[in-house]
Protein chains: 2
Amino acid sequence: MSLTFEGVLADRSTWRLENCSIGKSMEVIGTRSSMLILREAFYGTTRFDDFARRTKLTDAIVAARLKELTDIGLFVRRPYQEPGRRSRYEYLLTEKGRDLVPAVFALMQWGNKHLQGDDGGPLRLVERGTGEPVVIGPRTVSGRDLELEDLAIVAHGDWAG
Amino acid sequence: MSLTFEGVLADRSTWRLENCSIGKSMEVIGTRSSMLILREAFYGTTRFDDFARRTKLTDAIVAARLKELTDIGLFVRRPYQEPGRRSRYEYLLTEKGRDLVPAVFALMQWGNKHLQGDDGGPLRLVERGTGEPVVIGPRTVSGRDLELEDLAIVAHGDWAG
DNA sequence: GTTCTGACTATCGAATCGTGAAGTTAGGAG
DNA sequence: CTCCTAACTTCACGATTCGATAGTCAGAAC
């Protein structure tokens with residue numbers, strides 16, 4: 001019914017979780033507005049007013065969130081200039097930001113399946129070119145798909161394989 | 001630099017996102033406490049006080065969150081009885097709850113890489129038995145790993161492949 | 001019947017999140 | 001020099017989140 005613990009973690013009653021990465025991540029990006037802004041960034045949006053219009057968040061929230069996400073290092077703020085226009089800033093995803101693709105689209109995948117009607121929501125994620133459906137989930141580095149029961153947690157440096 | 005839109009979505013300026021699954025998901029489970037409780041559930045926790053102790057959330061929050069998540073259908077509340085003890089309730093993950101495995105562990109994966117020190121945090125996700133490292137990310141149903149640039153969005157019923 | 005314990009509920013306060021509306025600022029267009 | 005616009009900032013407000021602390025309640029143990 002759940003995953004297993006290996007090595008020193010095997011007895012769940014003997015340890016508690018400090019420095020949990022899930023909790024830390026949620027403190028950093030655990031708001032609806034952050035996720036919507038990231039969604040737009042993955043969709044190619046780079047400019048302030050496009051973020052605001054497309055997410056339907058208010059200016060104030062978008063400004064606060066972009067500043068926050070930039071400070072954290074998910075975006076870089078870079079000046080740009082269209083010909084005959086004044087210079088502006090655009091917000092470009094860093095690698096740290098792009099590494100959130102699995103997290104954000106996993107939420108989309110779950111929402112499509114469980115929060116939308118029978119049609120599964122308005123949008124589908126597919127492979128570019130082939131149109132083959134895309135799924136997000138755990139797998140080994142050698143490519144095998146895994147279920148919850150196939151997973152195990154090990155402590156750093158504690159290899160029980 | 002980002003994913004592409006196919007079919008009727010190709011011109012990003014002509015449409016806006018209604019009923020976004022990401023937004024809906026975040027409204028339902030977008031709190032730190034929800035994620036921590038789900039983490040514990042994936043780790044095998046089923047009882048109220050274990051949730052409270054292991055997540056270090058207060059009783060009040062855990063009670064509120066468990067009720068919420070049960071109402072939504074991520075948990076079922078089932079009576080159980082240990083021999084010589086009074087009957088209690090336990091909280092068991094439904095399929096809807098287990099389908100959040102990619103979302104929750106994607107956050108863990110990201111936090112391990114970007115929010116922890118050089119050691120990458122205390123815990124690692126591996127395959128049970130083999131100990132092979134596990135990664136969470138997008139791939140085609142035929143098993144190819146994908147980058148952000150390999151992804152495309154299509155409207156439901158609009159197959160442009 | 002008293003005690004103990006697991007599973008909650010109640011109240012308070014601080015911080016954060018979000019909306020709406022209005023104001024500011026820099027710089028090219030005319 | 002004035003207008004316009006993108007990119008913000010500020011303010012007022014309500015809702016939600018979470019921690020801390022304390023209290024309740026049911027039922028087996030004794």
Side-chain angles (χ1 to χ4, degrees), chain A residues 13 16-18 20 22-41 45-72 75-92, chain B residues 13 17 20 22-41 45-72 75-92:
Chain A
S13 67
R16 240 162 281 179
L17 210 41
E18 305 286 339
C20 167
I22 298 168
K24 287 192 173 194
S25 296
M26 283 302 286
E27 276 168 15
V28 170
I29 50 156
T31 64
R32 182 173 153 270
S33 54
S34 292
M35 290 292 182
L36 295 181
I37 286 174
L38 283 168
R39 176 200 74 190
E40 278 309 317
T45 300
T46 59
R47 290 166 36 162
F48 180 88
D49 69 327
D50 286 337
F51 279 115
R53 204 175 54 254
R54 292 174 183 168
T55 59
K56 287 181 187 159
L57 297 166
T58 60
D59 292 0
I61 293 287
V62 172
R65 218 47 83 228
L66 280 177
K67 185 170 295 181
E68 208 177 284
L69 295 176
T70 301
D71 287 347
I72 295 165
F75 289 101
V76 285
R77 189 161 169 270
R78 204 184 60 179
Y80 74 97
Q81 189 157 17
E82 293 174 8
R85 307 234 118 205
R86 63 188 262 218
S87 78
R88 301 282 179 203
Y89 288 103
E90 62 183 345
Y91 296 86
L92 302 176
Chain B
S13 67
L17 210 44
C20 167
I22 298 167
K24 286 192 173 194
S25 296
M26 284 302 287
E27 275 169 14
V28 170
I29 49 154
T31 63
R32 181 173 152 266
S33 54
S34 291
M35 290 290 182
L36 294 180
I37 285 175
L38 282 169
R39 176 200 74 191
E40 277 310 316
T45 300
T46 59
R47 290 166 37 161
F48 180 88
D49 69 327
D50 285 337
F51 279 115
R53 203 176 55 257
R54 292 174 184 169
T55 59
K56 287 180 187 160
L57 296 166
T58 60
D59 290 2
I61 293 286
V62 173
R65 218 48 84 227
L66 281 176
K67 184 170 295 179
E68 210 178 281
L69 295 176
T70 301
D71 288 346
I72 294 166
F75 289 101
V76 285
R77 188 161 168 270
R78 204 184 60 179
Y80 74 97
Q81 188 155 17
E82 292 173 7
R85 308 234 119 204
R86 63 188 262 219
S87 78
R88 300 283 178 201
Y89 288 102
E90 61 183 344
Y91 296 85
L92 302 176

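Predicted model only: the values in this text are computed from it and were never measured.
For DNA chain C, the residues of residues 57-70 of chain A within the heavy-atom distance limit of 4.0 Å (strictly under) are A:L57, A:T58, A:I61, A:R65, sorted by number.
Here A:Y91 reaches the OP1 or OP2 of D:dC8: one of its side-chain N or O atoms lies under 4.0 Å away.
The interatomic distance linking A:R32 (CZ) with D:dA15 (C1') rounds to 14 Å, in whole Å. Distance, B:Y89 OH to D:dA26 C1': 12 Å, rounded to whole Å. Distance A:D49 CG to D:dC4 P: 18 Å, rounded to the nearest Å. Atom CD1 in A:I37 sits about 13 Å away from atom C1' in D:dC8, given to the nearest Å.
Contact annotation for A:F51: no contact, since no heavy-atom pair falls under 4.0 Å across all strands. Among the atoms of the strands shown, none is found under 4.0 Å from any heavy atom of A:R53.
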* To do: Please step through side chain to side chain donor-acceptor pair (under 3.5 Å) for the pair B:R65 and B:S33, ending with a clear verdict.
  => CA-CA 7 Å; B:R65 218 48 84 227; B:S33 54; 2.8 Å; yes
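Residues that satisfy the salt bridge (Lys or Arg N to Asp or Glu O under 4.0 Å) test with B:R39, not counting sequence neighbours, are absent from this structure.
Enclosure of atom NZ in A:K56 by more than 12 non-hydrogen atoms of other residues, nucleotides or ligands within 6.0 angstrom is indicated.
Annotation: side chain of A:F48 is not in contact with side chain of A:R88 (no heavy-atom distance under 4.5 Å). Using a 4.5 Å cut-off on side-chain heavy atoms (C-beta onward), A:L57 and A:R32 make contact.
Atom CD1 of B:I37 is separated from atom CD1 of B:I29 by 12.0 Å, given to the nearest 0.5 angstrom.
Contact footprint of chain A on DNA chain C: nucleotides with an atom under 4.0 Å from a non-hydrogen protein atom, first to last in 5' to 3' order, C:dC17 to C:dA29.
Both A:R88 and A:G30 lie close to DNA chain C; mapped to their nearest nucleotides by heavy-atom distance, the more 5′-ward contact belongs to A:G30.
Across all non-hydrogen atoms, the minimal contact from A:Y89 to A:P79 is CD2-N, 3.7 Å.
Using a cutoff of 4.0 Å between basic side-chain nitrogens and carboxylate oxygens, A:R78 and A:E90 are scored as salt-bridged.
Exactly one of A:T70, A:L69, A:D71 qualifies for a side-chain contact (heavy atoms from CB on, under 4.5 Å) with A:K67. That residue is A:D71.
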